[in-house]
Amino acid sequence: DSEKIDGAEFDLFKAKLYAFTESSSKTINRYSIKEDSSAKYWALAIGYSNIGDFKSAYSNLNKSKSYGLKDIWYFDMMGQFLYQESKLKESIDFYLKSYNLGNKSWILDFQIAESYFALKDSSALDYYFKALSKFDKFNYTLKRISDFYAQDGQMTIAHLYIAKYALKQ
């Protein structure tokens with residue numbers, strides 16, 4: 001039984017990777033003909049969100065959940081869709097639900113930071129630093145820290161982080 005669960009989790013990973021790296025039309029065409037599964041509907045949700053069809057994106061994400069998508073990933077994806085729609089406070093709420101269920105990835109920290117940054121909320125900086133402390137190879141985080149300080153008028157610190165970013169390029 002655990003092999004089946006591992007297989008389902010791997011199918012979700014493959015579907016997400018495909019949907020984020022291929023064109024939306026290719027994703028939608030490929031996954032529309034697949035057998036009903038959590039992975040199918042997750043890929044379709046991402047494909048539709050990437051073309052701005054959020055009604056279809058949410059519908060497919062809910063179908064994915066009904067086929068077994070775990071809440072931790074459902075909430076993460078809801079946060080991403082809401083961010084794409086510029087519903088920033090709502091996106092943070094969903095990201096934090098995912099975080100509270102155990103999603104401690106640096107990517108989630110970065111996504112939360114981006115939502116706070118767009119709101120011009122100083123909490124963004126905390127989450128950028130969390131992301132950076134977990135994974136320091138994503139150099140763009142340094143640029144975003146610089147952007148935060150520049151937006152806040154702290155140009156000396158902004159220049160320090162943009163220099164760190166430039167040195168790692």
Side-chain angles (χ1 to χ4, degrees), residues 1-24 27-28 30-32 34-138 140-141 144-145 147-148:
D1 192 40
S2 66
E3 286 181 23
K4 191 171 190 172
I5 292 170
D6 291 343
E9 289 289 321
F10 187 62
D11 287 345
L12 282 169
F13 170 77
K14 290 187 302 185
K16 183 178 180 180
L17 184 62
Y18 188 90
F20 278 126
T21 58
E22 294 293 339
S23 71
S24 296
T27 298
I28 293 166
R30 178 178 181 164
Y31 280 89
S32 290
K34 290 202 176 262
E35 186 175 320
D36 287 348
S37 69
S38 183
K40 170 187 177 169
Y41 292 112
W42 203 17
L44 289 172
I46 295 166
Y48 283 113
S49 76
N50 287 340
I51 58 172
D53 182 352
F54 289 101
K55 182 177 180 183
S56 295
Y58 290 120
S59 173
N60 279 285
L61 186 60
N62 288 330
K63 285 181 187 175
S64 180
K65 190 171 192 271
S66 75
Y67 278 92
L69 179 66
K70 293 178 181 174
D71 284 346
I72 190 172
W73 307 124
Y74 174 81
F75 293 141
D76 179 86
M77 194 59 64
M78 282 292 294
Q80 290 180 47
F81 292 170
L82 290 162
Y83 177 83
Q84 286 176 273
E85 289 188 281
S86 297
K87 297 177 180 177
L88 304 170
K89 289 180 183 178
E90 294 93 335
S91 75
I92 293 167
D93 291 340
F94 277 95
Y95 286 145
L96 291 175
K97 286 179 183 183
S98 180
Y99 182 87
N100 290 333
L101 288 173
N103 184 354
K104 306 295 189 217
S105 79
W106 69 270
I107 296 170
L108 182 63
D109 292 330
F110 187 83
Q111 291 169 316
I112 294 169
E114 288 289 279
S115 291
Y116 277 126
F117 182 83
L119 290 168
K120 297 184 180 188
D121 185 311
S122 63
S123 299
L125 197 55
D126 295 334
Y127 283 96
Y128 284 131
F129 281 119
K130 274 187 185 180
L132 189 61
S133 73
K134 291 177 185 175
F135 187 70
D136 66 356
K137 303 289 186 248
F138 186 62
Y140 187 68
T141 306
R144 296 305 281 160
I145 291 170
D147 293 342
F148 174 84

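These numbers were taken from a predicted model, which means no experiment stands behind them.
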Subject >> Within-4.5 Å side-chain heavy-atom neighbours: Phe148 and Arg144 >> reply: no

**OP:** For Tyr48, check ring pair (Phe, Tyr, Trp, His ring centres under 6.0 Å) against everything at least two apart and list the hits.
**Re:** none

Subject >> Heavy-atom closest pair, residues Lys104 and Asp109 >> reply: O-OD2, 4.4 Å

Scan the side chains in residues 116-124 for donor-acceptor partners under 3.5 Å anywhere in the protein, sequence neighbours excluded, and list what turns up.
residue: Asp121; atom: OD1; partner: Ser123; partner atom: N; Å: 2.7
residue: Asp121; atom: OD1; partner: Ser123; partner atom: OG; Å: 2.9

Original post:
Hey, what do you get for CG (Leu88) to CG (Asp93), rounding to the nearest 0.5 Å?
Top reply: 11.0 Å

Subject >> Sequence-distant partners of Asn100, side-chain hydrogen bond (donor to acceptor under 3.5 Å, both in side chains), two or more places apart >> reply: none

Original post:
What residues form a side-chain hydrogen bond (donor to acceptor under 3.5 Å, both in side chains) with Lys130, not counting sequence neighbours?
Top reply: none

**OP:** Find the distance between CD (Gln80) and OH (Tyr95) and round it off to the nearest 0.5 Å.
**Re:** 5.0 Å

Subject >> Residue pairs involving residues 37-62 (criterion salt bridge (charged side-chain N to carboxylate O under 4.0 Å, His left out); sequence neighbours excluded) >> reply: Asp36-Lys40

Original post:
Can you name the ring pair (Phe, Tyr, Trp, His ring centres under 6.0 Å) partners of Tyr18, sequence neighbours left out?
Top reply: Tyr31

Subject >> Counterpart residues, salt bridge (charged side-chain N to carboxylate O under 4.0 Å, His left out), relative to Arg30 (two or more places apart) >> reply: none

Original post:
What are the two closest heavy atoms between Ser49 and Ala57, and how far apart are they?
Top reply: N-CB, 3.7 Å

**OP:** Taking all heavy atoms of Ser98 and all of Phe75, pick out the closest pair and write down the distance.
**Re:** N-CB, 3.8 Å

Original post:
Who are the side-chain hydrogen bond (donor to acceptor under 3.5 Å, both in side chains) partners of Tyr140, not counting sequence neighbours?
Top reply: none

**OP:** Decide yes or no for Leu82 and Phe54: does some side-chain heavy atom of the first lie under 4.5 Å from some side-chain heavy atom of the second?
**Re:** no

**OP:** Output, in order, the C-alpha distance, side-chain angles, deciding distance and verdict of side-chain contact (heavy atoms from CB on, under 4.5 Å) for Met78 and Tyr58.
**Re:** CA-CA 8 Å; Met78 282 292 294; Tyr58 290 120; 3.6 Å; yes

Original post:
For Phe110, what residues pass the ring pair (Phe, Tyr, Trp, His ring centres under 6.0 Å) criterion, not counting sequence neighbours?
Top reply: Tyr128, Phe138

Subject >> Exercise: identify the closest heavy-atom pair between Ala39 and Ala15 >> reply: O-CB, 3.4 Å

**OP:** Could you grab the distance from atom CD1 of Ile72 to atom CG of Asn103, nearest 0.5 Å is fine?
**Re:** 4.5 Å

Subject >> Residue pair Tyr83 / Gln111, side-chain heavy-atom distance below 4.5 Å >> reply: no

Original post:
Distance from Ser56 atom OG to Leu61 atom CG, nearest 0.5 Å?
Top reply: 12.5 Å

**OP:** Identify the heavy atoms of Lys16 and Trp42 that sit nearest to each other, and give their distance.
**Re:** CD-CH2, 3.7 Å

Subject >> Spacing of Ile28 atom CD1 and Glu22 atom CD [to the nearest 0.5 Å] >> reply: 13.0 Å

Subject >> Nearest heavy-atom neighbours spanning Ile92 and Ser115 >> reply: CG1-CB, 3.4 Å

Original post:
Mind checking what makes side-chain hydrogen bond (donor to acceptor under 3.5 Å, both in side chains) contact with Thr27, not counting sequence neighbours?
Top reply: none

Original post:
For the side-chain hydrogen bond (donor to acceptor under 3.5 Å, both in side chains) test, which of Tyr67, Tyr41, Tyr74 pairs with Asn62?
Top reply: Tyr74

**OP:** Not counting sequence neighbours, which residues clear ring pair (Phe, Tyr, Trp, His ring centres under 6.0 Å) with Phe20? List them please.
**Re:** none

Original post:
Around Phe13, counting heavy atoms of other residues, nucleotides and ligands shown, do more than 12 lie under 6.0 Å from its CZ?
Top reply: no

**OP:** Could you tell me whether Lys137 sits above the aromatic face of Phe135, with NZ or CZ closer than 6.0 angstrom to the six-membered ring centre and within 45 degrees of the axis?
**Re:** no

**OP:** Step by step, work out the side-chain contact (heavy atoms from CB on, under 4.5 Å) result for Tyr127 and Thr141.
**Re:** CA-CA 10 Å; Tyr127 283 96; Thr141 306; over 6 Å; no

Original post:
What is the distance from atom CG of Leu96 to atom CG of Leu108, rounded to the nearest 0.5 Å?
Top reply: 7.5 Å

Subject >> For Asp71, all residues meeting salt bridge (charged side-chain N to carboxylate O under 4.0 Å, His left out), sequence neighbours excluded >> reply: Lys65

